[in-house]
Structures are given as C-alpha cells and as structure tokens.
Number of protein chains: 2
Amino acid sequence: MVGIRDIAKKAEVSISTVSYALNNSPRVSEATRKRIQTIAQEMNYIPNMAGQNLRKQKTDIIAVYLSSYQGTFYSELLEGMNTKANELGFDLIVCSGKRAHLFLPQRLIDGILVIDMTYTDEELLKYADLKYPIVVLDRKLEHDNVKTVLLDNRTGSQAAVKDLIKKDVDKIYIISGPQKNYDSIERTKAAVEVAESEKIPYEIIVGNFDETSGYEAGSKIEIESWKKYGVFALNDEMALGIYNYMYENDIDIINQLIISGFDKNKVMQYLNPPIKSVYYSKYEWGAKAVTVLNDLIKEKETEDELIATYYGTN
Amino acid sequence: MVGIRDIAKKAEVSISTVSYALNNSPRVSEATRKRIQTIAQEMNYIPNMAGQNLRKQKTDIIAVYLSSYQGTFYSELLEGMNTKANELGFDLIVCSGKRAHLFLPQRLIDGILVIDMTYTDEELLKYADLKYPIVVLDRKLEHDNVKTVLLDNRTGSQAAVKDLIKKDVDKIYIISGPQKNYDSIERTKAAVEVAESEKIPYEIIVGNFDETSGYEAGSKIEIESWKKYGVFALNDEMALGIYNYMYENDIDIINQLIISGFDKNKVMQYLNPPIKSVYYSKYEWGAKAVTVLNDLIKEKETEDELIATYYGTN
DNA sequence: TCATACATGCGAAACGTTTCTATTGCAAGC
DNA sequence: GCTTGCAATAGAAACGTTTCGCATGTATGA
C-alpha cells in the first residue's frame with residue numbers, strides 16, 4: 001500500500017506538502033505540485049478513505065435505504081438518484097435491511113434518503129435531532145433537519161377517478177394500501193373527494209400494496225351484471241392482482257369493470273387490455289430528492305418538494 | 001459526538017480498557033465490562049467507523065457493482081446477496097456507475113461482486129493482482145484471486161431448444177446477446193449444439209439483450225406461412241421485443257411461431273400466451289456469490305461455483 | 001538599508017479507534 | 001517472608017490523512 005508518506009520520501013518533501021499538492025492547494029508552488037502529482041501517478045497512489053474520512057469527518061457518500069430490493073419500482077428512481085448524486089460530487093450506495101442503519105450514526109455516510117417504512121418516524125426523528133441530514137420520500141415528517149420529497153398524490157388520483165366516472169361507471173371501488181401509509185392515505189383522500197363531489201357511490205377496500213392483496217380485494221367486489229364498475233387500485237401491484245382475479249373469473253375488463261392503477265409499471269402495458277395508471281417521473285423524483293439532501297448537507301436553505309403526477313397510458 | 005474517550009472519563013478507566021470492554025475481550029474483568037457497557041449505552045455511544053476502519057484496516061462491507069439499476073432482473077439477486085452477506089457479518093452496499101469503482105482500492109470495502117460489463121477484464125485483473133477479493137458473475141476470469149459464480153447456461157439452453165424441437169418447428173432462430181458477452185456465448189453454443197445434433201436448421205440473429213434489439217430481430221425473421229418456427233431469445237427482454245413485433249404483425253404465437261426466453265422475468269407470465277423461459281434461482285445465485293466472496297476475504301479455500309438452470313413456465 | 005509582505009515549505013497535532021507492551025497489585029507456593 | 005505468576009488495567013503507538021501555525025527565504029517598498 002503506497003501512502004502519502006512514500007510519496008513524500010520519494011519526492012523529498014514533507015507529507016504535508018504532498019497532501020497540499022494532491023489537493024491542489026495554492027500553498028505549494030505550481031512546480032512542486034506537478035512534480036508530486038506525477039510521482040503519485042507513477043506510484044499508483046490511491047488515497048485511503050478511512051484516513052481521509054477520519055480526518056475530514058465526512059465521506060461524500062450518501063445512501064438510500066430501501067425496505068427491499070424487490071420490485072421493478074425502484075430501478076428508475078435509483079438511476080435518478082445516482083446520476084444526480086454523482087453530479088453533486090457524491091457516491092450513492094443502496095442499502096436494504098436493518099444492518100445498514102448504523103452507517104449514518106457511524107459516520108460512514110453524510111446523509112440518507114429514506115423510502116423504507118420499516119424505519120419508524122421516531123427512529124428517524126431521533127437521528128434528525130442529532131443533525132444527521134435526512135430526506136424522506138415515503139412519509140411526511142415535521143422536523144427542521146428533515147426534508148420531504150413527496151409525490152403529488154392528489155392530482156393523479158383525482159384524474160384517475162374522474163376518468164373512471166367519465167366512462168360511466170356506477171360505482172367506484174378504491175383499493176387502498178396499508179392503513180398508515182402516507183401515499184395510500186393521500187390517494188384515498190383525493191379519490192374520495194372526487195367521488196363525493198361527483199356523487200358517485202364508492203367503497204374502500206383495504207389492501208397492502210402487494211399483488212395478493214389486490215387479488216383478494218378483487219374477490220370482495222360484488223358484481224351485478226347490469227352495472228358497470230370502476231376500480232382504482234392505489235398501486236399497480238394491486239391492480240395486477242385485481243386484473244388476475246377478474247381474468248380468472250371471466251369478468252369483462254372493458255365493458256363491465258375498468259381498472260386504474262398507480263405507478264405505471266411496465267407490466268401494465270402488456271396486459272390485454274392494457275391498464276391505465278397514474279404516472280410520474282421516478283427519475284426526476286430521485287434526482288430531486290438528492291438535490292434536497294445535498295442542500296441539507298451543505299447547509300443551504302432548502303424546501304420540501306412535490307413531484308408532479310399525471311394520468312393515462314402514456 | 002460521544003467517543004470512547006468520553007466513556008473512559010466517565011467510567012474512570014483508560015480508553016484501552018473501554019475498547020476491550022466494548023469488544024468483549026477477556027482482558028477486562030466481568031464487572032468492569034458490564035459497567036462500561038452500560039455506561040456506553042447510557043451515553044448513546046456509537047463507534048465511529050472511520051476510526052475503526054483506519055485502525056483495523058477493514059470495514060466488513062462488501063459491494064455489488066451493477067452496470068445499472070435498470071430492470072427487474074436484479075431484485076431477487078440482491079435479496080440473496082444481502083441476506084447471505086448479513087448472515088456472514090457483512091453489510092452489503094449496491095453501487096452503480098464508474099465513480100464507485102474506487103471504493104475497493106480506497107479500502108472502503110473488503111471485497112466486490114461484479115455483474116457489470118462496463119468493467120473490463122484488464123481492470124478487474126489489475127485489482128486482482130493487488131489481492132483485492134473479487135467475485136465475478138458475468139464472465140469467466142482466470143486468476144488466483146478471482147472466483148467466478150456463473151450460471152449453468154448449458155443445461156437450460158439445451159432444454160429450451162429441445163422443447164422447441166419437440167413442438168415440431170421447422171427452423172430455429174437464436175437471438176443472441178452482445179458478441180463478447182459470456183452468457184450469450186455459452187447459451188448460443190449450447191443451443192447450436194442441440195440444433196445440429198437434432199439436424200434442425202437454425203439461424204443466429206445478433207441482438208444486445210434489450211427489448212428494442214429483440215423487436216428488430218423479430219423483423220428479421222422471414223416467415224413462410226406453411227412453416228413453423230421456434231425462436232430462442234437468449235434473455236427475456238429480447239423475447240418481449242420479439243413478442244411485441246409478432247403481436248403487432250399478427251403472427252400466431254402458438255401455431256406458427258414459438259418463443260422461448262431466458263431469465264424468467266415476471267412479465268412473461270402475463271403475456272397471452274405466456275412465454276416459456278429458462279429459469280434459475282437468482283436468490284441462490286446471489287447467496288452463493290457472497291459465500292464465495294467471504295471465503296476469499298477470509299482466505300479460506302474456495303471453488304468456482306455453477307448455478308443450476310431449468311426450463312419451463314414454472 | 002531596513003522593515004514588511006508574501007510565497008513556499010515544514011512540523012506537529014488531530015481525527016477515533018485497536019492492540020502491543022508495560023505496570024500494578026494480589027494470591028499462591030515454597 | 002519472599003519470589004513467582006497471573007489477572008486486571010494503563011500507556012502509548014499506530015492506522016493515513018488534513019490542516020493549523022510556524023519558519024525560512026526572497027522580493028518589495030520606503
């Protein structure tokens with residue numbers, strides 16, 4: 001392992017000079033800077049992060065905490081985060097599971113992006129009290145050191161329900177996610193508002209955002225043949241479950257029952273008929289979240305953000 | 001930030017004693033160990049990784065290098081890796097993009113799992129020369145310090161082609177991936193062997209593992225109405241592209257042309273008709289890779305591994 | 001000519017741990 | 001009672017950097 005010392009020896013200067021040279025500090029002359037840098041190159045010097053981290057008390061690494069790697073859902077989000085993070089001079093690492101949760105207090109990373117409901121609000125607020133920079137994407141949290149970058153669940157949900165109503169459905173089923181889930185609550189609220197203001201009967205069935213719960217929800221929908229139904233599943237996994245149930249039970253998914261989803265998973269467009277879904281740029285979502293986190297870390301003024309959503313097949 | 005020093009002061013012992021106590025060393029008495037540990041608890045002490053890493057010259061972190069987060073492909077693989085890594089006392093982080101590539105030489109991590117063709121063989125071998133523990137999942141590499149955990153591409157491919165032949169196809173199209181891609185080469189080889197030994201005409205169309213290239217490959221397949229064709233796409237993305245092309249061009253995907261894929265993506269089963277695909281446990285693949293990496297890090301004897309594949313709709 | 005300023009470089013401390021070696025005190029063995 | 005041995009603890013060095021404060025030498029201005 002060649003270190004800064006070895007370079008100093010070879011270049012016959014002090015280690016501090018080497019450090020300054022390698023960091024392009026104006027405290028060394030142009031000449032020695034160049035000289036040292038080429039020597040470092042020749043010796044294949046690579047700085048030791050542990051040493052740097054210890055001294056600098058920062059790592060320029062930020063992390064996303066995911067509850068699981070499952071699901072196609074995250075890919076685009078992560079791409080957005082990664083690109084923006086690199087742009088801002090950070091490395092992004094992705095972690096899942098409770099072990100990684102020590103990275104932040106252990107100062108291995110400079111900040112976190114949370115989209116993982118297995119972390120409780122209390123836990124996160126505790127970290128926030130300790131001034132660790134945190135951005136959450138999966139809940140609303142009130143704290144000076146925590147920022148939120150959330151979806152505009154309202155607009156998309158409203159559009160979805162209005163679309164169902166336009167198709168002349170007689171009743172709308174809203175298939176919600178877990179009871180305390182922020183997105184689920186918001187989407188439900190917006191959907192209910194539209195249904196009520198348009199005076200369309202509606203019913204809420206509680207699911208938990210996975211496909212099985214959608215399937216089960218499907219079985220709870222009572223279908224009378226002379227009526228037409230709209231089903232607004234609050235995410236696509238559940239929409240898929242409902243689709244499967246209806247398909248297996250020979251329900252006409254165009255004329256008798258219309259399904260709308262949320263998230264615009266790729267699968268939806270391969271279904272026959274395809275299912276409309278609320279969509280938004282996961283890429284932009286991820287990028288925005290990182291931008292806000294960066295502001296937090298650099299102690300710039302920063303605001304909570306809202307990511308726009310749209311509705312359609314697009 | 002409460003550190004080991006603060007605890008020492010409070011407990012009125014030396015910092016070395018604190019360190020021993022916190023690490024459950026037998027060098028301190030049971031009594032003081034307990035005493036110090038409760039004090040540490042009370043003070044909310046969390047060890048500083050930078051300090052530990054610097055001193056211990058290791059981090060107990062391993063990383064997966066992915067070329068992108070794109071695609072549902074990785075989810076299960078990562079779950080397998082993560083679970084096994086935690087079991088073995090490691091944290092797993094997921095990195096994508098060229099920036100992260102310094103983590104290893106910078107000693108931020110103890111070893112890497114590579115499934116990212118943007119890293120060249122030379123690059124990896126250079127690291128291997130430096131004794132960094134590396135496991136590759138996407139190529140075959142001959143080096144004492146590099147182990148491979150690969151798919152058994154042969155068995156699955158052979159089964160897929162045999163299945164097509166059993167369906168009485170008159171000709172088989174093999175849609176390959178990138179020319180130098182290890183998996184693609186192996187799958188092609190195995191497929192060709194079967195076709196030749198069974199004396200079925202075949203043709204290879206070069207794709208690049210993405211959906212578009214599959215679509216284009218589809219357009220290159222010349223269909224004569226009195227013949228029946230088998231198409232073996234070397235991954236599911238391309239199979240999907242072909243499916244789309246055929247669907248748009250009204251080709252009968254049951255009687256005129258049969259598509260087989262590789263990887264068993266979730267989407268495949270929602271297609272109508274569903275497409276058969278070669279499958280294998282990505283979870284097991286990931287877990288095995290981590291096991292081998294662990295052996296390498298701990299300098300245990302270890303072997304290259306081969307992950308079994310199967311064929312079907314299951 | 002002398003004081004001042006500045007460019008350049010050096011030495012040393014610091015970051016928070018772990019772990020080797022040294023010291024102390026006490027019990028056991030003769 | 002005196003050595004020996006061991007358990008328990010303390011001291012100090014080390015890991016690899018960065019950065020503060022200081023020293024040196026040279027150029028500048030009056």
- Task: Using heavy atoms to find the nearest nucleotide of DNA chain D for B/P26 and B/G51 separately, return the residue whose nucleotide is more 5′.
- Result: B/P26
- Query: Does the base of D/dT18 carry an N or O that pairs as donor and acceptor with the side chain of A/R55 under 3.5 Å?
  - Reply: yes
- Item | Atom pair distance, as rounded to whole Å: CD1 in A/I4 and P in C/dG11 | 14 Å
- A/Y65 and A/T118: side-chain donor and acceptor closer than 3.5 Å? no
- Neighbours of DNA chain D within residues 27-48 of chain B, by heavy-atom distance under 4.0 Å: B/R27, B/V28, B/S29, B/T32
- Query: Could you give the CD1-to-P distance, from B/I7 to C/dG16, as a whole number of Å?
  - Reply: 13 Å
- Message: When the axes are fitted on five pairs at both termini, how much does the helix from C/dT1-D/dA30 to C/dC30-D/dG1 curve, in 10° steps?
- Response: 50°
- Message: Using whole Å, what does the distance between atom C1' of nucleotide D/dC15 and atom CG of A/L54 come to?
- Response: 9 Å
- Does a nitrogen or oxygen in the side chain of A/Q57 sit under 4.0 Å from OP1 or OP2 of C/dG16? yes
- Considering only D/dT18, C/dC20, D/dA10, which nucleotide approaches the side chain of B/V13 most closely? D/dA10
- Item | Any B/T17 side-chain nitrogen or oxygen under 4.0 Å from OP1 or OP2 of D/dA10 | yes
- In whole Å, what is the span from the CG atom of B/D6 to the C1' atom of C/dG16? 11 Å
- What is the distance from atom CD of B/E186 to atom CG of B/N181, rounded to the nearest 0.5 Å? 10.0 Å
- If you check the B/S16 side chain, which of C/dT19, C/dG16, D/dC20 turns out closest? C/dT19
- Message: What's the separation between atom CG in B/N82 and atom CD in B/E87, rounded to the nearest 0.5 Å?
- Response: 11.0 Å
- The nucleotide from C/dG16, D/dT18, C/dT19 with an atom nearest the side chain of A/K56 is D/dT18
- Message: Minimum heavy-atom separation for A/E301 and A/D295, please, with both atom names.
- Response: O-OD2, 4.2 Å
- Task: Let me know the distance between CZ of B/R5 and C1' of D/dG11, rounded to the nearest Å.
- Result: 13 Å
- Query: Nearest to the side chain of B/I15 - C/dT18, D/dT19, D/dT18?
  - Reply: C/dT18
- Task: Report the distance from atom OH of A/Y20 to atom P of D/dT18, rounded to the nearest whole Å.
- Result: 10 Å
- C/dA14 C1' sits how many Å from A/Q52 CD, rounded? 16 Å
- A/I62 side chain reached by A/I112 side chain, heavy atoms, under 4.5 Å: no
- Message: If only side-chain N and O atoms count, and only distance matters, is there a donor-acceptor pair under 3.5 Å linking B/T120 with B/E123?
- Response: yes
- Message: Do A/L125 and A/E142 make a side-chain contact, defined as non-hydrogen atoms from C-beta onward lying under 4.5 Å apart?
- Response: no
- Answer yes or no: does a side-chain N or O of B/N53 lie under 4.0 Å from OP1 or OP2 of D/dC15? no
- Item | Pair A/D183, A/N153: side-chain N/O donor-acceptor within cut-off below 3.5 Å | yes
- When rounded to the nearest 0.5 angstrom, what is the spacing between CG in B/N23 and CD in B/Q52? 7.5 Å
- Message: Under 3.5 Å, is there a donor on one side chain and an acceptor on the other for B/T59 and B/N53?
- Response: no
- Can you check the A/N23 CG to D/dT18 C1' distance for me, whole Å? 8 Å
